[in-house]
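Note that this is a predicted model, so its numbers are computed, not measured.
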Amino acid sequence: TGSQIPSASLFRLGDDGPEKVSTDDLFKNKKVVLFAFPAAFTGTCANQLPGYNAKVDAFKGKGVDAVYGLSNDNVFVQKAFQKDTGADKVELLQDFNSELSIALGKT
């Protein structure tokens with residue numbers, strides 16, 4: 001809570017396919033909620049993602065700019081999971097080689 005997110009490279013699904021994004025660029029001067037989930041289409045995660053999605057407006061009401069979900073899943077799998085769960089308010093990010101997870105001490 002209130003912590004600076006370490007520098008790392010992540011991926012997201014853009015209009016033209018996977019896009020590499022830097023946490024420095026993505027989160028600069030923003031207040032964000034970042035949560036991690038181990039794998040798409042698993043029992044716990046199938047509840048976790050919609051749960052965060054349902055709270056996005058409440059988070060924004062408290063000054064949060066965006067809510068992000070992080071996993072090692074391929075961006076195309078993430079998109080299918082997002083569609084399957086109806087979690088359209090959360091942006092999903094791929095931590096392909098666990099760079100951010102390792103920097104956060106969460107591996």
Can you see which heavy atom on [X] is nearest to which on [Y], and at what distance?
X	Y	answer
A8	E99	CA-OE2, 3.2 Å
N72	F96	ND2-O, 3.6 Å
P50	T85	CG-CB, 3.8 Å
V75	P18	CG2-CG, 3.7 Å

Residues two or more places apart in sequence or in another chain: which of them pass ring pair (Phe, Tyr, Trp, His ring centres under 6.0 Å) with F27?
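F27: ring pair (Phe, Tyr, Trp, His ring centres under 6.0 Å) contacts with Y68.
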Working to the nearest 0.5 Å, report the span between [atom1] of [X] and [atom2] of [Y].
X	Y	atom1	atom2	value
L93	S9	CG	OG	12.0 Å
F35	L92	CZ	CG	6.5 Å
L100	L34	CG	CG	6.0 Å

Transitive ILVMFWY side-chain link L10 to L104, under 4.5 Å:
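Result: yes, single cluster for both.
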Taking a hydrophobic cluster as the set of Ile, Leu, Val, Met, Phe, Trp and Tyr residues connected by side-chain heavy atoms closer than 4.5 Å, whether directly or through intermediates, do V77 and L13 fall within one such cluster?
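In one cluster with V77: L13, no.
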Does [X] reach the main-chain N or O of [Y] with its side chain, forming a donor-acceptor pair under 3.5 Å?
X	Y	result
T23	P6	yes
E91	R12	no
N53	D88	yes
D73	Q78	no
Q82	A87	yes

With side chain to side chain contact (heavy atoms under 4.5 Å, CB included) as the test, would you mind laying out the steps for F41 and D84 before giving the verdict?
CA-CA 9 Å; F41 298 104; D84 188 65; 3.8 Å; yes
Donor-acceptor pair between Q94 and S71 side chains, under 3.5 angstrom:
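Not at all, the side chains of Q94 and S71 share no donor-acceptor pair under 3.5 Å.
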If you draw a 6.0 Å radius around CZ in F59, do more than 12 non-hydrogen atoms from other residues or ligands fall strictly inside?
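Counting neighbours around CZ of F59, more than 12 heavy atoms of other residues, nucleotides or ligands fall under 6.0 Å, so yes.
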Whether K89 and D57 form a salt bridge (side-chain N of Lys/Arg under 4.0 Å from carboxylate O of Asp/Glu) is what I want to check.
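Looking at D57 and K89, the cut-off is met.
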Can you tell which of L26, V67, I5 makes a side chain to side chain contact (heavy atoms under 4.5 Å, CB included) with V32?
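It is I5; the other options fail the test.
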Which one of D65, V90, V64 satisfies the side chain to side chain contact (heavy atoms under 4.5 Å, CB included) criterion with V33?
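Among the candidates, only V64 passes.
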Do F76 and F81 pass the side chain to side chain contact (heavy atoms under 4.5 Å, CB included) test, and can you show the C-alpha distance, the side-chain angles, and the key distance before you say yes or no?
CA-CA 9 Å; F76 297 105; F81 182 50; over 6 Å; no
